[in-house]
Amino acid sequence: MILSAEKKKSRKDHIGLSEAKNQFSIALAGNPNVGKSTIFNALTGLHQHTGNWPGKTVDNAQGDFQYRQKSFIIIDLPGTYSLLAHTVEEQIARDFLCFANPDVTVVVLDATCLERNLNLALQVFEITPKVIVCLNLMDEAQKKDLVIDLPSLEHELGVPVIATSARQGEGLKELREKIYQVATGSLQTRPRQIVYSSDVEEAVRDLLPHVETIANNPLSPRWIALRLLDGDGSFLDSLSNYLSIDRDLSPGWEESKCAH
Amino acid sequence: MRPLTPSGSLSDVCGKAESVRNSNLNSLSDQIVADIYGNAELITKQVLSKKKTHQKGLDQRLDDLVTSKWFGYPLMLLMLVIVFWITMEGANFPSRLIASGLFTFQDQLTLWFQWAGTPAWIHGILVLGVYRTLAWVVSVMLPPMAIFFPMFTLLEDSGYLPRIAFNMDHIFKKAKACGKQSLTMCMGFGCNAVGVTSCRIIDSPRERLIAILTNSFVPCNGRFPTLIIVTSIFIGGTFVPYSGFVTAFVISGLILSGIAVTLLVSRVLSVTILKGEPSSLVLELPSYRRPQIGAVIYRSMIDRTIFVLRRAVLAAAPAGAVIWILANTYLGQQSIIVSLAQALNPIGQLIGLDGFILLAFILGLPANEIVLPILLMSYLSTGYLQDLGSLDGLRNVLVNNGWTWLTAINVMLFSLFHWPCATTLLTTYKETGSKKWMFLSFIIPTIIGISVCFILTQVVRSLGLV
């Protein structure tokens with residue numbers, strides 16, 4: 001019951017992104033409470049509410065800014081730990097990245113919990129190549145005596161890594177510049193792609209030829225194959241909704257993996 | 001090769017995927033997650049180092065204290081009392097200032113209307129109805145909110161709220177609800193509609209419904225000042241040198257009884273219409289951060305001012321006009337408002353209120369902010385005109401209309417436990433997608449409020465205490 005109302009709303013809101021012509025769309029993704037809204041406010045000059053607890057932003061917020069005579073619309077996605085869609089927020093974030101097709105996705109990471117935050121970044125990398133990693137809360141990391149080797153992180157990830165302390169306004173100039181470069185295509189990114197264990201890779205190989213037969217598919221066939229192997233029913237709903245085709249639910253297929 | 005119909009292709013692919021999944025012994029989805037985590041770990045190892053062996057950080061030590069068994073609860077209580085005390089002491093002066101300014105301006109307005117020769121009924125609706133109600137809402141509601149919310153936002157920004165959720169979790173577990181419910185209750189302080197929306201952070205639909213249905217047991221923005229004023233007049237006022245503290249304690253007590261009822265109702269719902277076991281709380285405790293004090297205070301004061309003013313214009317202004325018309329339209333000997341109040345009076349008396357009070361709560365459905373202003377308007381329409389700039393003036397109005405300390409307590413209890421405002425009901429409908437849950441969120445607090453006030457009144461009266 002709850003889902004149906006929310007689902008409808010999320011589709012309308014999140015796929016119906018109101019971007020103007022010649023406007024680049026930027027998605028802000030990240031774990032809960034890493035400072036996405038603070039970065040959003042700093043970039044747009046808006047005053048989206050921020051708070052120091054996970055779950056503060058439950059809806060997508062939009063705002064825009066100008067940089068170097070280009071116009072950008074920026075979308076603050078709800079914070080998620082992953083995109084494997086176990087919660088409504090994850091589903092909203094995933095559907096946005098998959099189907100709204102943003103020109104640049106900025107993944108905001110908490111520098112004090114790098115490892116956990118990287119999981120999300122790696123999942124985003126599989127959906128879209130145009131990614132920038134924003135390593136936020138660097139001031140907190142410094143206080144905890146954590147040292148992060150930025151050049152080698154950049155090398156490992158294959159995308160630009162910008163260190164910021166958004167609350168102090170540090171690093172935002174560089175972030176804007178990198179967003180501009182990636183959006184206009186003057187900077188190419190090649191995000192690291194996960195090579196899975198042999199079982200998974202073999203299964204993907206089996207499935208790929210079939211996935212490639214799906215008409216009008218906007219997504220990477222490999223990514224769809226992986227979600228099919230996950231048995232992620234909620235993703236199939238979104239996909240068939242996007243392709244406006246109906247899928248016969250075969251028995252035994254999980255209706256939805258979400259906890260609803 | 002392209003298939004003829006796309007729908008055929010997708011379900012074919014699904015079928016194929018299923019057979020591949022079934023042919024694998026190990027769960028592929030677990031393997032996928034494990035591989036992602038493995039990659040993240042690998043990268044982190046290569047790029048992350050620590051300067052020196054770190055002793056237990058400040059955060060950790062603070063958390064040990066804040067979430068400790070013995071110190072956690074007293075600290076929360078202390079915070080509650082302090083926040084209310086500052087609000088009470090701080091709101092007093094600006095409230096008086098704004099009230100005297102706005103009511104002086106009302107006299108000026110009246111002079112202008114007389115000078116322009118406007119008919120009495122236009123002056124009545126616009127000045128005595130709309131303007132006076134607006135003046136009430138702004139002077140009474142704005143100062144406490146503009147002081148309470150910056151403090152609340154500071155707590156929120158520092159990272160204390162998730163610790164509250166963490167502390168409260170095991171109590172909520174006992175009520176078979178989710179610990180995150182305390183976060184949604186905190187949001188409810190600002191506005192129950194916002195509180196209901198924030199219930200989205202609770203993943204289990206059962207626990208989310210419980211949190212939605214019980215959210216209005218937290219006094220929102222619109223009810224808070226009513227509690228503060230009634231307490232200051234009838235309870236704090238009798239302990240003159242310590243009135244601020246006494247008022248703060250009484251308000252904190254009311255909040256605690258709201259929490260107690262929340263837990264009780266959650267528990268009852270969990271064993272009746274929303275059966276189930278609690279899920280475990282997974283909540284990240286973020287690092288403490290020093291809030292940007294200046295910016296936070298400025299921002300939340302502006303936000304609250306805009307919020308209160310907007311509600312005042314949208315709800316209080318039309319209500320003021322309606323009340324004036326009701327009070328000045330006569331059916332036979334009596335004005336409509338007096339007839340309505342008399343009709344409600346028997347029920348009102350039964351639960352220790354009166355007809356006017358009940359009417360004010362009913363007319364306050366669009367927004368709780370206007371309950372007290374409506375009540376004063378309707379009392380005043382029956383003849384007593386007083387100096388309204390001060391609490392004493394207010395006290396006289398209420399006492400002249402038969403208020404005792406029991407009435408005051410019942411008003412506070414009923415304010416805490418009655419139907420949520422229209423906005424909250426609509427939000428509940430939107431969030432749950434069902435009229436049934438909306439109706440329940442209306443009826444549960446109403447029944448509780450009526451029962452509590454009824455029992456208290458009957459007990460006090462039979463003991464002859466009033």
Side-chain angles (χ1 to χ4, degrees), chain A residues 1-2 4-5 32-33 47 50-55 58 84 87-88 112 114-116 118-119 122-123 140 144-149 152-153 156-157 167 194 196-197 199-200 203 206-207 210-211 213-216 225-226 228-231 236 239-240 243 245-248 250 252-253 259-260, chain B residues 1-3 6-7 9-18 20-21 24 26 28-29 31-33 35-37 39-41 43-44 46-52 54 57 153 156-159 161-162 180 183 197-198 200-201 203-205 208 283-284 286-287 289 292 299 430-434:
Chain A
M1 243 177 311
I2 289 184
S4 63
N33 208 35
H47 296 284
T50 59
N52 189 6
W53 56 281
V58 280
L84 300 176
T87 66
V88 180
T112 63
L114 186 62
E115 182 173 335
R116 198 195 59 210
L118 276 173
N119 291 317
L122 291 170
Q123 291 174 44
E140 303 278 333
K144 294 189 172 172
D145 292 328
L146 297 173
V147 184
I148 297 171
D149 180 355
S152 77
L153 182 61
E156 287 294 327
L157 297 181
R167 280 153 47 93
I194 294 175
Y196 290 94
S197 349
D199 291 4
V200 179
D206 284 353
L207 209 53
H210 300 271
V211 176
T213 62
I214 300 174
N216 305 322
L226 283 164
L228 288 170
L229 294 172
D230 261 346
L236 282 170
L239 180 63
S240 62
L243 301 171
I245 46 178
D246 286 314
R247 170 176 64 95
D248 299 327
S250 57
W253 191 274
H260 306 116
Chain B
M1 189 199 82
R2 294 266 162 184
S7 70
S9 75
L10 192 55
S11 53
D12 279 356
V13 176
C14 290
K16 179 68 186 161
E18 213 179 324
V20 173
R21 278 193 305 139
N24 266 276
N26 303 324
L28 286 177
S29 62
Q31 191 57 55
I32 288 173
V33 173
D35 287 341
I36 295 173
Y37 277 58
N39 264 262
E41 194 186 337
I43 298 171
T44 310
Q46 289 188 21
V47 301
L48 185 71
S49 52
K50 249 183 178 180
K51 260 189 219 147
K52 56 185 181 208
H54 205 66
T153 314
E156 188 183 355
D157 244 34
S158 69
L161 292 196
K180 283 189 200 165
L183 286 175
T197 310
S198 73
R200 291 182 194 173
I201 59 167
D203 292 331
S204 137
R208 192 180 327 166
L283 186 68
E284 190 191 341
S287 322
R289 292 173 197 160
Q292 299 157 297
R299 231 9 283 154
K430 260 196 284 184
E431 291 294 312
T432 59
S434 127

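Here is how names work: the chains are called A, B, and so on, in the same order as the sequence lines, proteins then strands, and each is numbered from 1. None of these values were measured; they are calculated from a predicted model.
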Please give me the minimum heavy-atom distance between [X] and [Y], naming the atom from each residue.
X         : Y         : value
Leu122(A) : Ala40(B)  : CD1-N, 3.7 Å
Gln31(B)  : Ser197(A) : NE2-OG, 2.7 Å
Gln123(A) : Ile36(B)  : CG-CD1, 3.8 Å

How long is the straight-line distance from [atom2] of [Y] back to [atom1] of [X], given to the nearest 0.5 Å?
X         : Y         : atom1 : atom2 : value
Thr44(B)  : Leu118(A) : OG1   : CG    : 4.5 Å
Asp35(B)  : Asp199(A) : CG    : CG    : 9.0 Å
Leu114(A) : Leu48(B)  : CG    : CG    : 6.0 Å

Contact origin within [X] toward chain B - heavy atom pairs under 4.5 Å:
X         : answer
Ile148(A) : both
Leu157(A) : side chain
Leu153(A) : both

Name the member of Glu156(A), Arg167(A), Glu140(A) that forms the most heavy-atom pairs with chain B at distances under 4.5 Å.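 So the answer, after comparing Glu156(A), Arg167(A), Glu140(A), is Arg167(A).
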
